[in-house]
Amino acid sequence: RRSSDLFCYLICNAWELLLKAKILDNTHNDHDAIYRGKKRRGERRESLSLRECLERVIPNQTDPERRNVERIAVLRDEAVHLVISEVPRDVLCLFQACVINYHRRLNEWFGISLSERVHVGMMSIVYDMQPHHGDLTDKRLRRKLGRDAAVFLSHYCSELKKEFDELRRPPQFSIGIEYKLVLTKKQNHADIDL
């Protein structure tokens with residue numbers, strides 16, 4: 001398995017646990033609130049799924065943060081069936097927003113800061129990608145991914161871009177890191193001084 005598949009599994013699990021903790025907090029530790037149905041003698045109870053928790057804690061279906069987690073859950077679900085060996089840049093930007101959203105909500109809801117437990121650099125998704133490596137129209141990449149994964153990712157990324165624009169490009173949905181080089185004589189207009 002690739003690290004992107006593992007990331008999807010782990011971040012979805014982390015969000016599900018955080019949302020269940022929030023539901024418990026909202027219901028004054030009513031443990032029944034995180035389970036489906038009523039408890040029956042001798043039967044194992046199923047707890048709420050990630051999507052059910054999202055519906056309860058963030059009821060607005062168009063909330064960019066909720067949509068971010070839901071989009072990653074779709075990728076997690078599909079990664080079970082496909083080998084996704086390369087992740088396009090659009091997906092990495094989605095991942096970065098998810099990590100920042102998680103950190104912010106953990107702090108907002110429970111006063112816990114990940115930066116006190118983990119170095120801030122560990123929360124940044126760093127990628128050094130050549131432009132053709134994330135381009136799903138590149139024949140080499142499509143061959144490496146395989147037909148099914150390439151078709152899925154092409155459709156998935158197209159939907160991501162469309163939804164990002166429809167939501168008016170919020171950073172809670174997707175965060176891209178861009179570097180722009182400009183030649184200028186005014187140092188205060190530059191990010192890097194040469």
Side-chain angles (χ1 to χ4, degrees), residues 2-27 33-34 47-80 84 86-129 134-136 152-180 191:
R2 298 283 298 186
S3 58
S4 59
D5 297 352
L6 184 58
F7 176 84
C8 288
Y9 299 138
L10 293 176
I11 198 70
C12 286
N13 183 253
W15 266 102
E16 185 175 326
L17 294 174
L18 178 63
L19 292 165
K20 285 177 180 173
K22 180 62 176 161
I23 291 169
L24 287 171
D25 188 53
N26 289 348
T27 61
I34 62 169
S47 66
L48 298 174
S49 70
L50 171 61
R51 289 175 176 92
E52 291 168 324
C53 291
L54 278 167
E55 288 173 14
R56 290 190 184 190
V57 177
I58 308 173
N60 179 356
Q61 293 179 352
T62 59
D63 181 279
E65 191 173 351
R66 175 178 166 175
R67 293 299 303 141
N68 171 278
V69 176
E70 288 172 334
R71 283 293 186 173
I72 292 175
V74 167
L75 193 59
R76 173 204 59 188
D77 297 346
E78 207 56 40
V80 171
I84 301 175
E86 298 290 328
V87 180
R89 182 182 177 279
D90 296 328
V91 176
L92 294 173
C93 295
L94 192 75
F95 288 173
Q96 184 62 72
C98 193
V99 170
I100 291 170
N101 292 340
Y102 182 88
H103 170 69
R104 186 174 43 77
R105 287 297 189 166
L106 182 64
N107 196 346
E108 178 184 315
W109 292 340
F110 299 105
I112 298 170
S113 175
L114 287 177
S115 61
E116 293 172 3
R117 298 165 186 234
V118 177
H119 189 275
V120 177
M122 296 296 288
M123 289 188 283
S124 297
I125 296 176
V126 179
Y127 53 93
D128 182 17
M129 181 181 286
D135 181 6
L136 292 167
F152 167 76
L153 281 175
S154 293
H155 182 69
Y156 182 82
C157 287
S158 174
E159 288 178 346
L160 282 182
K161 289 175 187 173
K162 181 181 176 204
E163 185 169 9
F164 188 45
D165 288 337
E166 287 172 356
L167 293 171
R168 296 190 176 132
R169 307 178 69 76
Q172 294 87 358
F173 184 77
S174 180
I175 294 177
I177 299 172
E178 295 181 8
Y179 297 102
K180 294 181 182 178
D191 293 323

Note to self: Leu106 vs Leu18, test: side chain to side chain contact (heavy atoms under 4.5 Å, CB included). Steps then yes/no.
What the structure shows: CA-CA 7 Å; Leu106 182 64; Leu18 178 63; 3.7 Å; yes
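- With salt bridges taken as basic N to acidic carboxylate O contacts below 4.0 Å, none links Glu70 and Arg51.
- When all heavy atoms of Pro171 and Ala97 are compared, the closest pair comes out as O-CB, 3.4 Å.
- Taken from CD1 in Ile100 to CG in Asn68, the straight-line distance is 10.0 Å, to the nearest 0.5 Å.
- Summarising the local packing, CD of Gln61 is surrounded by 12 or fewer heavy atoms from other residues, nucleotides or ligands at distances under 6.0 Å.
- A 4.5 Å side-chain heavy-atom check between Leu54 and Val69 finds at least one atom pair inside the cut-off.
- Counting only distance, with no hydrogens or angles, the side chain of Asp90 and the backbone of Leu160 share no donor-acceptor pair below 3.5 Å.
- With respect to Arg169 and Asp165, a salt bridge is recorded, a charged nitrogen being found less than 4.0 Å from a carboxylate O.
- Using a 4.5 Å heavy-atom threshold, the side chains of Arg71 and Phe173 count as touching.
- Residues Val91 and Cys157 are in side-chain contact: their nearest non-hydrogen atoms beyond the backbone lie under 4.5 Å apart.
- At least one side-chain heavy atom of Ile11 sits less than 4.5 Å from a side-chain heavy atom of Cys98.
- Taking the side chain as every heavy atom from C-beta outward, Pro170 and Phe164 approach each other to under 4.5 Å.
- The shortest non-hydrogen separation linking Leu153 to Leu75 is CD2-CD1, 4.3 Å.
- The shortest side-chain heavy-atom distance between Trp15 and Ile72 does not fall under the 4.5 Å cut-off.
- Between Arg105 and Glu108 there is a salt bridge, with a side-chain nitrogen of the basic residue lying less than 4.0 Å from a carboxylate oxygen of the acidic one.
- Annotation: the span from Ser174 atom OG to Arg89 atom CZ amounts to 8.0 Å, rounded to 0.5 Å.
- Using a 4.5 Å cut-off on side-chain heavy atoms (C-beta onward), Leu48 and Arg56 make contact.
- Atoms CZ and CG, on Arg76 and Asp5 in that order, are 12.0 Å from each other to the nearest 0.5 Å.
- Here the CG atom belonging to Leu50 is positioned 10.0 Å from the CD atom belonging to Glu55, to the nearest 0.5 angstrom.
- Cys53 SG to Ile58 CD1: the interatomic distance, rounded to the nearest 0.5 Å, is 10.5 Å.
- Between the NZ atom in Lys22 and the OG1 atom in Thr27 there is a gap of 10.5 Å [rounded to 0.5 Å].
- Of the options Val57, Asn26, Asp25, a side chain to side chain contact (heavy atoms under 4.5 Å, CB included) to Trp109 is made by Val57 and by none of the others.
- Proximity of Val99 to Tyr102: side-chain heavy atoms (C-beta onward) are nowhere separated by under 4.5 Å.
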Margin query: Assess the residue pair Gln172 and Arg67 against the criterion (side chain to side chain contact (heavy atoms under 4.5 Å, CB included)); give the C-alpha distance rounded to whole Å, side-chain angles, the decisive distance to 0.1 Å, and a yes or no.
Written below: CA-CA 9 Å; Gln172 294 87 358; Arg67 293 299 303 141; over 6 Å; no
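- Lys20 has a carboxylate O that lies under 4.0 Å from a charged side-chain N of Glu16, or vice versa, which qualifies the two as a salt bridge.
- Within the 3.5 Å criterion, the main-chain N or O of Ser49 finds a donor-acceptor partner in the side chain of Glu52.
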